[in-house]
Amino acid sequence: MHLTATTQFGLEELLADELYALGADITHVGSRAVEFIGDHRLLYEVALWSRLSMRLLRPFAAFYAADEKALYREVSRIDWQDFIGPGQTFAITPVVNRSTFEHSLFVAQLTKDAIVDQFRARTGERPSIDTRNPDIRLHLRMTENEVILSLDAAGDSLHRRGYRQGTNEAPLNEVLAAGLVLLSGWNGKKPLIDPMCGSATILTEAGLISQRIAPGLFHQGRFGFENWYDFDPELWNQVREEAKAQRLEEPQAYLAGSDLDPKTIDLAAANITAAGLEDCIRLSVRDVKDAVAPAREEPGIVLTNPPYGERIGDEAQMAALYKTIGDTLKTGFQGYNAFVFTGNLEAAKSIGLKPARRIPLFNGPIDCRLLKYELYRGSRREPRPAEGPAKN
């Protein structure tokens, strides 16, 4: 079957690598999406194992809709009994870009009307809408009036892993956190430290990677494909059991996080426990200025997402915070590679180090960068060899 996995801007190539490793035949890498071909086993494995997919879609219809009448007519031409069974509820997730239709909700309403009218005309009954937890979630993408209709294999965004018990004010979503870990080039073995860990999403995603835990095992409720007409429950159970057997119980890496707020650390501990990683991640209450590398571990990676300071008047406070981060990295983490993910590039200048890399990403609507700093031990420069005696 033809499938599409959507992701966040900047993670497309990583997602393509992830899907290829699972056995996908990649056909196109686009903006925020990767198209591929696979069978039912691959579909189930991607739902369980993909750390970078937001949505997993199975396209089944494509057409051009110049206006309202054309959209209604084209949707009506599809035999909806192939996709929505007797008594099943459905919902439509619309995404509309650069089209003559101004409102995505209007496009969804018109599509819903065409589907419901077809059922009413054929069977005398209409399927019910359930926007919160539908049996069948349809995804409608319209770009320049070109429409692609897909079945949503997860039924919900895959970034909602299910292990989060609570979050602080501005949590990273889980797909972005996993993306940051993978973009850092961390090998799953070396230490990974987050000195401003918040609710510990970065550390939790790192823990899932190092312990070979499939994030889809935490999914709440049924996946969307479990309600499809061609669902194979035996194969699904087999794939789930295989995924559970992959888990490594013994901690594979030194993972540690700290935060100034004890309540935030309590939240982080609850999330880590829900993910089954309480034996793999160390937490402490500590100011970022006091963070230091673990004494008995080889150098690894620092990865953190400090506040951006979006309120007016935060500029001086943010500059001071980012200077403290830079001082901590320079004095406490020599020999490490440090990655700071931020949407405040002005404050990031106060870190006082020159970034070796600047990777553009978004955190929701906020234009961000993942800044890499190479923290050399002592001076970067190798001493020159002593000069020999002058030759005649």
Side-chain angles (χ1 to χ4, degrees), residues 1-7 24-40 42-43 46-47 53-123 125-131 134-158 223-231:
M1 64 185 90
H2 289 270
L3 298 163
T4 301
T6 69
T7 190
D25 178 6
I26 308 295
T27 56
H28 180 68
V29 180
S31 175
R32 295 183 172 89
V34 177
E35 297 171 23
F36 61 104
I37 296 171
D39 57 12
H40 281 82
L42 180 72
L43 174 73
V46 172
S53 296
M54 296 290 286
R55 290 194 179 274
L56 181 54
L57 306 174
R58 182 181 180 179
F60 61 85
F63 53 82
Y64 180 78
D67 53 28
E68 296 171 30
K69 286 184 179 177
L71 178 62
Y72 185 93
R73 182 180 66 248
E74 292 296 334
V75 173
S76 298
R77 283 178 174 164
I78 298 164
D79 188 347
W80 286 101
Q81 285 175 304
D82 287 345
F83 305 101
I84 303 171
Q88 286 189 323
T89 59
F90 78 99
I92 300 167
T93 301
V95 179
V96 178
N97 293 313
R98 304 189 304 277
S99 298
T100 55
F101 293 84
E102 291 184 12
H103 299 293
S104 58
L105 290 178
F106 173 72
V107 171
Q109 182 67 38
L110 200 59
T111 302
K112 184 209 78 171
D113 289 346
I115 295 169
V116 167
D117 290 350
Q118 184 188 99
F119 272 97
R120 191 183 283 123
R122 290 183 179 182
T123 68
E125 296 181 5
R126 51 160 289 170
S128 296
I129 308 299
D130 182 347
T131 55
D135 297 317
I136 304 294
R137 185 174 290 280
L138 303 169
H139 189 272
L140 183 152
R141 183 172 190 85
M142 177 185 279
T143 305
E144 296 177 351
N145 292 62
E146 293 282 352
V147 177
I148 298 175
L149 281 164
S150 307
L151 291 167
D152 190 322
D156 195 3
S157 176
L158 285 167
F223 281 93
F225 58 71
E226 293 183 69
N227 298 314
W228 292 358
Y229 62 94
D230 59 354
F231 174 55

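The model shown is predicted, which means the values in this text are computed figures rather than measured ones.
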Gly30 backbone acceptor or donor facing Glu35 side chain under 3.5 Å: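 Looks like no, no N/O pair under 3.5 Å.
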Least distance between heavy atoms, [X] atom then [Y] atom:
| X | Y | value |
| --- | --- | --- |
| Leu140 | Ile92 | CB-CG2, 4.2 Å |
| Asn227 | Asp135 | ND2-O, 3.0 Å |
| Ala153 | Leu43 | CB-CD1, 3.8 Å |
| His2 | Pro59 | O-CD, 3.3 Å |
| Ala114 | Ser76 | CB-OG, 3.7 Å |
| Ala47 | Leu158 | O-CD2, 4.0 Å |

Please list all pairs passing the ring pair (Phe, Tyr, Trp, His ring centres under 6.0 Å) test where one or both residues lie in residues 86-122, with sequence neighbours left out.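 Listed once each, the pairs would be none.
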Is there a side-chain contact between [X] and [Y] (heavy atoms, below 4.5 Å)?
| X | Y | value |
| --- | --- | --- |
| His139 | Ile148 | no |
| Arg32 | Thr6 | no |
| Leu105 | Gln109 | no |
| Leu151 | Leu138 | yes |
| Val34 | Thr7 | no |
| Leu71 | Thr111 | yes |
| Phe225 | Leu56 | no |

Determine which pairs satisfy salt bridge (charged side-chain N to carboxylate O under 4.0 Å, His left out) with at least one residue from residues 76-88, sequence neighbours left out, and list them in order.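 Salt bridge (charged side-chain N to carboxylate O under 4.0 Å, His left out) check on residues 76-88 returns Glu74-Arg77, Asp79-Arg122.
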For residues 84-96, pull every pair meeting salt bridge (charged side-chain N to carboxylate O under 4.0 Å, His left out), keeping only residues two or more places apart or in separate chains. none
For atom CD of Glu146, is the number of surrounding heavy atoms from other residues, nucleotides or ligands below 6.0 Å larger than 12?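 Yes - once you tally the heavy atoms of other residues, nucleotides and ligands closer than 6.0 Å, there are more than 12.
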With rounding to the nearest 0.5 Å, note down the distance linking [atom1] in [X] to [atom2] in [Y].
| X | Y | atom1 | atom2 | result |
| --- | --- | --- | --- | --- |
| Leu110 | Lys112 | CG | NZ | 10.5 Å |
| Phe36 | Thr4 | CZ | OG1 | 7.5 Å |
| Ile115 | Ile84 | CD1 | CD1 | 5.0 Å |
| Met1 | His40 | CE | NE2 | 3.5 Å |

Report the C-alpha separation of Phe60 and Trp80 in whole Å, then their side-chain angles, then the decisive distance to 0.1 Å, and conclude whether the ring pair (Phe, Tyr, Trp, His ring centres under 6.0 Å) test is met. CA-CA 11 Å; Phe60 61 85; Trp80 286 101; 5.6 Å; yes
State whether a side-chain donor-acceptor pair under 3.5 Å links Ser150 with Arg141. no
If you look only at pairs with a residue in residues 54-64, which of them pass as a side-chain hydrogen bond (donor to acceptor under 3.5 Å, both in side chains), with sequence neighbours excluded?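 Listed once each, the pairs are Arg55-Asp152, Arg58-Asp230.
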Check side-chain hydrogen bond (donor to acceptor under 3.5 Å, both in side chains) between Arg120 and all other residues, then give those that pass, not counting sequence neighbours.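 For Arg120, the residues satisfying side-chain hydrogen bond (donor to acceptor under 3.5 Å, both in side chains) (neighbours in sequence not counted) are Asp117.
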Partners passing ring-ring contact (aromatic ring centres under 6.0 Å, His included) against Phe63 (at least two apart in sequence or in another chain): none
